[in-house]
Amino acid sequence: MNLFDGQKQLFLFLLLIAGAIMAGGCQSGPSQRPDVHSYSRPDEVVVRHLDLDVAVDFEGKTVSGVATLRLENKTGASKLYLDTRDLEIRKITLDNGPQTTFKLGEEEPFLGRELVVDFTPETKMVSIEYASSPQAAALQWLSPEQTAGKKHPFLFSQSQAILARTWVPCQDSPGIRMTYNARVKVPAELMAVMSASNPTAKSPNGIYNFEMRQPIPPYLLALAVGDLEFRALGPHTGVYAEPQVIAGAAFEFADTEKMLVAAEGLYGPYRWDRYDILVLPPSFPYGGMENPRLTFATPTILAGDRSLVALVAHELAHSWSGNLVTNATWNDFWLNEGFTSYFENRIMETVYGPRYAKMLATLDYQALLKALQELPEKDTPLYIDLSGRDPDDVPSAIAYDKGSLFLRMLETTVGREKFDAFLASYFESHAFQTMTTAKFVDYLEKNLIAGDQDLEKRLKIRDWIYGAGLPDNAPVPTSDEFKLVENQIERWKTGTPAGQLDSNDWTTHHWLHFLRSLPQSLTPEQMADLDKAFAFTKTGNAEIACQWLTMSVQNQYHGADQRLGDFLTHIGRRKFLMPLYIALSKTPQGKEKALEIYRQARSGYHPVSYLSIDKLLGVGSSD
Ligand code: BES
Ligand code: ZN
């Protein structure tokens with residue numbers, strides 16, 4: 001063997017090793033996983049339909065049964081990679097026949113465990129017999145005392161962002177779409193509803209059949225079970241709630257059909273047949289969740305005066321931005337929430353007029369400025385690389401409010417007519433598809449900028465999407481109504497007692513602006529003067545209560561202490577809990593009080609809320 005041969009052999013050997021590393025890397029490495037928050041490999045095999053046959057057991061706190069996945073095998077693969085978390089996998093069969101082998105991977109924080117199922121390139125269906133754990137992070141099992149009726153238990157799910165895998169084994173990535181059917185068995189005195197075609201009355205035997213014929217990503221799988229009633233709001237809209245809540249809910253959401261008509265006028269046909277709202281018990285950890293055909297909503301928006309229904313406009317708008325055109329990964333979350341916040345405001349403007357919409361836009365802008373002050377720079381671009389992070393932990397005012405301001409900037413620069421036409425055709429041409437940030441930028445360049453170099457320069461698209469902070473072409477929302485509020489604050493600061501201010505026609509939004517615009521630091525006497533004049537401590541409006549209670553903690557106003565304890569033990573909406581626990585944690589006495597309240601309240605919160613508060617207060621979670 002001469003030297004040359006030796007070198008050649010060495011070269012071949014190295015080539016072989018490199019090849020092996022690359023092949024190995026491809027099999028288990030991220031290149032086969034387009035979404036860092038999912039173990040699935042949809043480029044090989046993709047789930048096209050889910051058939052769910054499950055029973056809901058309130059005693060055991062489990063959802064158990066069989067999930068049958070219908071597959072499209074693109075590459076002749078013989079392994080199916082699925083997401084699971086805290087699931088017990090009992091048995092897996094192929095095409096309704098033989099049992100097959102499978103492996104569960106190591107548990108990883110928030111991702112759960114990879115489930116690898118062996119099958120053949122010809123396999124069409126994989127049936128997984130499984131049970132969820134009582135700790136399933138998507139599910140909250142409520143005791144009768146936690147409901148309005150106090151007689152029956154209640155269950156609801158919250159699958160976004162990556163919690164669907166805690167109650168259904170699936171390819172849990174927003175880049176995947178499937179249709180689904182479900183047969184759900186529940187105790188006969190309860191009604192089951194899903195993000196699908198729904199019953200309007202209880203079934204005598206507790207068995208319910210559902211169909212979702214439009215393909216949806218798994219984060220939109222949803223189930224709720226409780227003592228529910230239905231009431232129609234319009235021909236295509238209605239509301240579900242406990243009997244004790246249904247009348248108030250129907251009053252509050254009376255404008256839902258109008259919103260639906262307004263939304264269709266703006267962005268094209270509603271593609272989901274019906275739009276209903278389910279009002280949940282107060283422990284629901286979010287304001288709303290856009291489960292298709294059936295928005296899940298917190299009862300904290302039942303203010304009695306319809307003043308918090310922008311949330312309905314928001315969840316309804318997701319029927320286009322999010323549910324119809326879906327963010328491909330959670331890095332692209334702003335495509336869901338930024339678009340939706342913009343559309344929410346446009347629906348509100350259409351139904352309630354520009355003066356109202358401008359108040360809302362101004363409040364959102366204030367939230368954005370606050371977030372920009374508080375967040376590290378790396379979290380302020382619209383597109384964020386979330387590798388290694390739990391998508392549910394990422395602060396979102398940027399995705400929502402910077403995202404919507406970006407669209408507002410596009411609108412004001414190119415003109416409303418042109419921008420609306422652009423958006424309508426964006427939805428039309430990408431219906432039931434997923435969208436990445438890069439694909440959107442490309443579409444924007446081709447269809448809105450269309451070679452206009454001057455326009456391209458003025459828009460600064462890349463600064464908005466990939467850059468930190470706010471670019472200098474950001475519009476500044478303003479509100480004439482809020483100028484009136486600011487005038488009254490000036491009067492108060494210069495000595496007019498609170499009781500003599502002109503606040504007769506003020507709505508929730510005037511009051512929120514009023515409270516947020518007061519000086520940061522107030523004396524207990526000033527707080528008492530405000531409380532005496534406006535009875536903030538007793539307000540039935542949860543938004544105003546949260547703002548006031550936060551200020552009360554910050555200014556050590558103890559007149560609100562009892563309401564604070566009440567609020568924290570009866571409401572589980574994370575957006576309200578966090579600022580209050582954060583404010584309390586700033587002083588040693590406050591922290592002690594926070595821990596004392598939390599000890600009682602924690603068991604009533606949904607995992608989404610208590611896991612965040614555990615981290616904040618440094619309390620070890622026992623689950
Ligand atoms: N899709 C979100 C809720 C969500 C986001 C759940 C991320 C899990 C992960 C929903 O549409 C939403 O934005 N809700 C807001 C209300 C809205 C009016 C801003 C909320 O819950 O506060
Ligand atoms: Zn949203």
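Whatever order the structure lists them in is the order used to number ligands and atoms, beginning at 1.
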Checklist entry - To the nearest 10°, what's the angle at the Zn ion (ligand 2) between atoms NE2 (His318) and OE1 (Glu337)? => result 100°
Item to check | Minimum-distance N/O/S atom that His314 presents toward the Zn ion (ligand 2) | outcome: NE2
Next on the checklist: According to salt bridge (Lys or Arg N to Asp or Glu O under 4.0 Å), does anything in residues 284-297 pair up with another residue at least two apart or in another chain? List the pairs.
Outcome noted: Asp273-Arg293
Next on the checklist: Under a plain distance cut-off of 3.5 Å, with no hydrogens placed, do Thr326 and Arg177 share a side-chain donor-acceptor pair?
Outcome noted: yes
Checklist entry - Would you say the side-chain atoms of Asp35 and Ser173 include a donor-acceptor pair closer than 3.5 Å? => result yes
Checklist entry - Charged N to carboxylate O under 4.0 angstrom, Arg416 versus Glu349? => result yes
Next on the checklist: Please verify the inter-ring angle class for Phe230 with Tyr240; under 30° counts as parallel, over 60° as perpendicular, anything in between as tilted.
Outcome noted: tilted
Tell me which donor-acceptor pairs under 3.5 Å the side chains of residues 431-438 have, and how far apart each pair is, sequence neighbours excluded?
residue	atom	partner	partner atom	Å
Thr436	OG1	Lys439	N	3.0
Thr437	OG1	Asp332	OD1	2.7
Thr437	OG1	Trp334	NE1	3.2

Next on the checklist: Can you list everything that forms a side-chain contact (heavy atoms from CB on, under 4.5 Å) with Arg516? Sequence neighbours excluded, please.
Outcome noted: Leu363, Gln366, Gln547
Item to check | Protein residues that have a heavy atom under 4.0 Å from any atom of ligand 1, sorted by chain and number | outcome: Gln158, Gln160, Tyr286, Gly287, Gly288, Met289, Glu290, Leu311, His314, Glu315, His318, Phe333, Glu337, Asp392, Tyr400, Arg573
